[in-house]
**Q** 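Below is one structure. I have some questions about it.
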Amino acid sequence: MAAPSYKRILLKLSGEALNGGNKSEVIDFSILDSYALEIKRIADEGVQIAIVIGGGNIFRGASVEKSGIDRVQGDYMGMLATVINGMAIQSTLEKHGLYTRLMSAIKMEQVCEPLIRRRAVRHLEKGRIIIFGAGTGNPYFTTDTTA
Ligand code: UDP
């Protein structure tokens, strides 16, 4: 097999990618399964993989401002949504035999690791797929900026 073109990649997955744009469902696990298989194919080539996950399928801070929810509060809700998605991706990847770590920019020690740069790099070097949840950890940003 030819050597992979990239040693390390970062994949940005929008929240909407998790339900295929079908608003009646938050997460479509069959779609997640197909992503997991694609990611596994790349991981099996020895490519180090990090994923930034969005939350737009669950919550976006800006879109609830008009309902009277404070923007900063809404943005934190959006960041928590990305962690929910991250947990779903993590479980799906692990179901397919991959090793993963979910790291969050907001501390949530019962469900994910805090984001520590050196630790993240070590995970990648050991072949663990990192999923970055909670975006930048700051309101008024998006997960695209995070990526
Ligand atoms: N968010 C935020 N700071 C960040 C990342 C995300 O406040 O660093 C909030 C923001 O409200 C955003 C929501 O989390 O709308 C979900 O993220 P995003 O809209 O980027 O998700 P995607 O469009 O990728 O599904």
Side-chain angles (χ1 to χ4, degrees), residues 4-43 45 47-96 98-125 127-147:
S5 309
Y6 298 99
K7 176 173 172 251
R8 181 178 289 168
I9 61 163
L10 182 120
L11 175 66
K12 162 72 211 298
L13 275 180
S14 296
E16 267 125 13
L18 269 52
N19 65 5
N22 174 6
K23 289 200 167 67
S24 64
E25 214 163 7
V26 172
I27 295 172
D28 180 336
F29 284 92
S30 64
I31 292 180
L32 264 194
D33 265 333
S34 67
Y35 291 153
L37 290 173
E38 280 191 54
I39 291 166
K40 183 173 167 50
R41 194 161 48 78
I42 300 165
E45 288 181 21
V47 178
Q48 300 175 7
I49 303 168
I51 302 170
V52 171
I53 177 68
N57 57 321
I58 301 175
F59 209 88
R60 279 211 174 87
S63 63
V64 294
E65 240 186 334
K66 56 183 175 299
S67 319
I69 293 184
D70 173 75
R71 172 67 192 267
V72 173
Q73 179 88 336
D75 279 340
Y76 277 114
M77 291 167 77
M79 286 184 261
L80 296 185
T82 71
V83 176
I84 292 175
N85 284 337
M87 292 171 78
I89 293 173
Q90 178 173 44
S91 295
T92 308
L93 293 175
E94 288 183 346
K95 193 176 84 182
H96 290 278
L98 293 161
Y99 295 95
T100 70
R101 291 290 187 274
L102 175 59
M103 302 189 100
S104 170
I106 295 175
K107 274 195 193 166
M108 260 179 263
E109 286 169 13
Q110 279 81 357
V111 290
C112 43
E113 291 185 8
L115 175 57
I116 298 169
R117 185 183 166 275
R118 285 174 196 277
R119 193 188 277 184
V121 170
R122 189 83 187 113
H123 286 327
L124 290 172
E125 288 169 351
R128 297 170 186 144
I129 297 172
I130 303 179
I131 303 145
F132 291 116
T136 63
N138 300 293
Y140 295 101
F141 286 95
T142 67
T143 53
D144 284 358
T145 312
T146 310

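All ligand and atom numbering here is 1-based and tracks the order in the structure. These values consider heavy atoms only, across backbone and side chains, with no hydrogens, waters or symmetry-generated copies. As the structure is a computational prediction, the values presented were derived from the model and not from experiment.
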**Q** I want to check something: taking the side chain as every heavy atom from C-beta on, are M79 and P139 in contact at a cut-off of under 4.5 Å?
**A** yes
**Q** Would you check whether G54 has a nitrogen or oxygen atom less than 3.5 angstrom from a nitrogen or oxygen atom of ligand 1?
**A** no
**Q** Taking both backbone and side-chain atoms of N57, is any N or O found less than 3.5 Å from an N or O belonging to ligand 1?
**A** no
**Q** Quick check on contacts: which atoms of ligand 1 are under 4.0 angstrom from a heavy atom of G135?
**A** 5 (C), 8 (O)
**Q** Consider ligand 1: state whether an atom of it lies below 4.0 angstrom from any non-hydrogen atom of Y76.
**A** no
**Q** What is the closest protein heavy atom to atom 5 (C) of ligand 1, and at what distance does it sit?
**A** T142 C, 3.5 Å
**Q** Does an N or O anywhere in R60 fall below 3.5 Å from an N or O of ligand 1?
**A** yes
**Q** Can you give me the closest heavy-atom contact between L98 and A43, atom names plus distance?
**A** CD2-CB, 3.9 Å
**Q** Strictly under 4.0 Å, does any heavy atom of P139 approach an atom of ligand 1?
**A** yes
**Q** Using side-chain heavy atoms (C-beta onward) and a distance below 4.5 Å, is L11 in contact with Y35?
**A** no
**Q** Show the nearest heavy-atom pair for residues F29 and T92, with the distance to one decimal.
**A** CD2-OG1, 4.2 Å
**Q** Would you check whether G15 has a nitrogen or oxygen atom less than 3.5 angstrom from a nitrogen or oxygen atom of ligand 1?
**A** yes
**Q** Hey, is OH on Y99 packed in by over 12 heavy atoms from elsewhere, all under 6.0 Å?
**A** no
**Q** Are more than 12 heavy atoms, taken from residues, nucleotides or ligands other than R8, located less than 6.0 Å from that residue's CZ atom?
**A** yes
**Q** Counting heavy atoms only, which part of N138 comes closer than 4.0 Å to ligand 1: side chain, backbone, both or neither?
**A** backbone
**Q** Students should be able to answer this: which protein heavy-atom is nearest to atom 20 (O) of ligand 1, and at what distance?
**A** T143 OG1, 2.6 Å
**Q** Under 4.0 Å from any heavy atom of T146, which atoms of ligand 1 are there?
**A** 8 (O)
**Q** Do any N/O atoms on G55 end up under 3.5 angstrom from N/O atoms on ligand 1?
**A** yes
**Q** Report yes if some N/O of T136 lies less than 3.5 Å from some N/O of ligand 1; otherwise report no.
**A** yes
**Q** Looking only at side chains, do T142 and T145 share a donor and an acceptor under 3.5 Å apart?
**A** yes
**Q** If every non-hydrogen atom of A134 is compared with every non-hydrogen atom of V83, which pair is closest and at what distance?
**A** N-CG2, 3.8 Å
**Q** Compute whether any side-chain donor of one residue and acceptor of the other, for D28 and N22, lie under 3.5 angstrom apart.
**A** no
**Q** Please confirm whether K12 comes under 4.0 Å of ligand 1, counting heavy atoms of the residue only.
**A** yes
**Q** Counting both backbone and side chain atoms, is some N or O of T82 under 3.5 Å from an N or O of ligand 1?
**A** no
**Q** Does G56 reach ligand 1 with a nitrogen or oxygen that is under 3.5 Å from one of the ligand's nitrogen or oxygen atoms?
**A** yes
**Q** Among all protein heavy atoms, pick out the one at the shortest distance from atom 11 (O) of ligand 1; state its residue, atom name and that distance to 0.1 Å.
**A** D75 OD1, 2.6 Å
**Q** Quick one: closest heavy-atom pair of L115 and F132, and the distance?
**A** CD1-CE2, 3.5 Å
**Q** Nearest heavy-atom pair of M103 and P114: which atoms, and what distance?
**A** CE-O, 3.4 Å
**Q** Report, in ascending order of atom number, the atoms of ligand 1 lying under 4.0 Å from any heavy atom of G61.
**A** 11 (O), 15 (O)
**Q** Checking a contact table here: which protein heavy atom is nearest atom 6 (C) of ligand 1, and how many Å away?
**A** F141 O, 3.6 Å
**Q** Could you go step by step and tell me if N19 and V26 meet the side chain to side chain contact (heavy atoms under 4.5 Å, CB included) rule?
**A** CA-CA 6 Å; N19 65 5; V26 172; 5.8 Å; no
**Q** For atom 14 (O) of ligand 1, what's the nearest protein heavy-atom neighbour? Residue, atom name and distance, please.
**A** G78 C, 3.2 Å
**Q** With heavy-atom distances below 4.0 Å as the criterion, list the atoms of ligand 1 near F59.
**A** 13 (C), 16 (C)
**Q** Heavy-atom count around E25 CD within 6.0 Å, excluding the residue itself: above 12?
**A** yes
